[in-house]
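Data first, discussion second: the structure below is written as structure tokens.
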Amino acid sequence: MTEVSIEQLTKDYGTHRAVAGISVRIRDGEFISLLGPSGCGKTTTLKMIAGFEDVSSGAIRFDGRDVVNVPAERRDIGMVFQNYALFPHMTVAGNLAFGLEMRKVPKVQMQERIARVLDMVQLTSHADRYPRQLSGGQQQRVALARALVIEPKILLLDEPLANLDAKLREEMRVFIRDIQRRVGITTVYVTHDQAEAMTMSDRVVVMFGGRIAQCGSPSDIYEKPSSIEVAQFVGQVNLMTMVVEERLADDRVRLSGPLGEAVVPNPHALRKGERVTVALRPEAIDISVTGPGQSATVLSSHYSGSLMDYRLQLADGSRIDVQTFPRQRFAEGDSVHVHAPADRYWLLEDAE
Amino acid sequence: MSRIVFTVYCLIIYAFLLAPILVVVGASFNAGAFLTFPPQGLSFRWYGVFFNNEVFLRAIKTSLWVAAVSTVISGIIGTMAAIYFVQFAGRLKDGVRIAMMAPLLLPEVLTAIALLFFVYAIGIGTQTMFAMIVGHVLITLPFVFINVSTSLESYDPAWSMAARSLGAGAFTRFRRIMLPLIKPGVIGGCLFAFIISFDIFTISFMLKSVGTATLPIQLYDYLRTNFTPEAAAVSTLSVVLTLVVVVVTEKFLGLRIHRF
């Protein structure tokens with residue numbers, strides 16, 4: 001269907017640069033998330049793609065054609081808003097018909113398409129209801145249906161799950177992802193929720209301060225974040241200083257640190273004795289009573305149903321976070337041993 | 001205890017507001033030759049006199065015409081101003097509001113005199129209805145503006161954006177989405193405009209062309225020399241006319257607020 005190419009896209013509000021020259025190529029049928037804290041420029045970027053915000057400089061191409069000067073109503077996009085923005089004076093069917101009327105679709109065909117999309121979002125029996133008669137989750141599905149029924153070139157979603165409760169949110173993630181796969185539409189999804197971005201996307205674009213901090217598959221972002229900022233945004237992370245022990249034959253280096261040894265790739269040609277910052281996810285650390293590993297003391301523990309979060313103090317006084325399944329539990333003050341396999345560490349690119 | 005006091009208080013206020021109207025209505029059914037209350041015998045005598053009085057009938061027609069024209073003009077300008085005010089004014093918001101409300105803050109007589117000088121200065125004068133209608137629009141505009149702004153405050157700009165993403169141009173967005181959703185405010189504002197225009201005295205008095213009079217002016221003229229129950233009959237009819245306008249509007253256009 002449509003490939004979206006964003007080139008050096010910039011948005012200035014007076015002297016404030018909200019989006020600073022970002023470039024992304026979104027492949028045909030790809031589901032891409034713009035992930036970042038509020039004010040990082042993700043929503044502004046989405047609005048520029050939709051045509052609701054003027055572009056200060058740069059290009060947005062749909063299949064090679066620059067749409068920067070095309071008004072929103074002629075860009076052929078489907079958009080789902082955070083508060084759904086369903087038309088309150090129209091029924092569900094009326095909301096869906098609106099976009100088709102604008103496209104002058106013949107009546108019979110219109111009804112067929114509405115019926116098909118309503119079936120897809122499982123709301124066939126609600127066609128004659130008004131938005132105020134629907135639950136939040138149902139309104140969400142109508143908003144999705146309204147965006148899809150016009151068969152747009154691309155689908156844009158602006159934090160569509162932010163107003164739903166936790167359980168529904170998880171259901172809707174799978175639901176939206178399934179529908180997107182089935183329709184095969186190029187999709188841009190804006191969220192500040194890393195779990196949402198991880199579970200739904202083909203690729204995640206992490207943004208900070210109007211720039212792209214990292215762009216990659218969810219597992220790349222989580223397992224090989226390019227900076228401390230990214231690592232911390234997409235999950236908890238332990239940072240520690242380690243010393244280079246030796247350069248290994250296959251262009252890797254062996255490091256030693258408070259938790260033992262680590263083996264990481266060596267892109268910066270590190271030499272023996274250099275100090276580097278490495279990162280380690282809390283769930284990559286094993287915790288046991290007898291070892292193997294370094295001894296540590298439990299400072300605090302938090303139970304969250306399926307997981308346990310511990311904060312531990314190592315022999316050298318440094319602290320680390322560990323996350324485990326609550327099969328074995330430790331209390332405050334317990335002496336334990338912690339160990340992390342050497343290949344679980346990664347070197348931070350911006351480390352010295 | 002305090003509820004009883006409050007209820008009594010409200011009843012007294014209503015009594016003061018409504019009693020004079022009831023007295024006028026009662027007096028209009030007077031069978032005698034003078035405007036008195038309680039009426040001396042009941043009859044439709046003075047209604048008969050009124051319906052044969054060319055001067056009053058012409059005045060009512062003039063009033064209705066002026067009110068209708070000014071309401072349409074006020075409705076259009078006031079609605080556009082409200083949309084600008086709520087959605088686009090930004091930092092100018094306070095200034096726009098004060099400017100729009102200014103006709104209410106100034107004494108009507110000052111506005112009237114200023115307009116009178118103005119229309120003669122620019123050579124339009126008061127030979128036509130133009131000056132009077134400008135005056136009526138000026139006075140009624142704030143009522144449309146306030147009512148429409150209030151409904152627009154609960155209008156979510158995302159609705160317009162959604163319509164836009166679905167392919168609707170600016171005019172379609174206004175006609176299909178915004179107007180139906182702010183309709184109660186627009187109609188409410190226009191009703192106010194109509195009723196107030198129908199009732200304006202000072203502006204009409206200053207800016208009327210020779211030989212044309214609106215109902216309030218004609219009534220004033222009449223009461224200077226006569227004191228018959230015909231004046232009460234005219235007043236009663238104008239109250240009824242106003243009520244008819246409200247009821248018909250409610251029936252055919254709907255005043256009820258859209259509930260979401």
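Lettering of chains follows the sequences in order, A, B, ..., and the numbering in each one begins at 1. Just so you know, these numbers come straight off a predicted model, no measurement behind them.
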Take atom [atom1] of [X] as the centre, draw a 6.0 Å sphere, and report whether it contains more than 12 heavy atoms from other residues, nucleotides or ligands.
{"X": "B:Ile122", "atom1": "CD1", "answer": "yes"}
{"X": "A:Asp165", "atom1": "CG", "answer": "yes"}
{"X": "B:Lys61", "atom1": "NZ", "answer": "no"}
{"X": "A:Arg74", "atom1": "CZ", "answer": "no"}
{"X": "A:Phe62", "atom1": "CZ", "answer": "yes"}

Student check: side-chain heavy atoms of [X] and [Y] closer than 4.5 Å:
{"X": "B:Arg176", "Y": "A:Glu101", "result": "yes"}
{"X": "B:Pro180", "Y": "A:Met90", "result": "no"}
{"X": "A:Phe98", "Y": "B:Ile177", "result": "yes"}

With a 4.5 angstrom heavy-atom cut-off, could you sort out which part of [X] is near chain B: side chain, backbone, both or neither?
{"X": "A:Asn83", "result": "side chain"}
{"X": "A:Leu100", "result": "neither"}
{"X": "A:Ala50", "result": "neither"}
{"X": "A:Pro131", "result": "neither"}
{"X": "A:Arg75", "result": "neither"}

Exercise for the section: Check each of A:Val80, A:Leu156, A:Ile77 against B:Ser165 using the side-chain contact (heavy atoms from CB on, under 4.5 Å) test, and report the only one that passes. Expected result: A:Ile77
If you take all heavy atoms of [X] and [Y], which pair is closest and at what distance?
{"X": "A:Phe52", "Y": "B:Met161", "value": "CZ-O, 3.2 Å"}
{"X": "B:Arg164", "Y": "A:Pro71", "value": "NH2-CB, 3.9 Å"}
{"X": "B:Trp159", "Y": "A:Phe87", "value": "O-CE2, 3.3 Å"}
{"X": "B:Ala162", "Y": "A:Arg146", "value": "CB-NH2, 3.3 Å"}
{"X": "B:Gly169", "Y": "A:Glu73", "value": "CA-OE2, 4.0 Å"}

Handout entry: Proximal component of B:Ser160, with respect to chain A [non-hydrogen, under 4.5 Å]
Key = neither
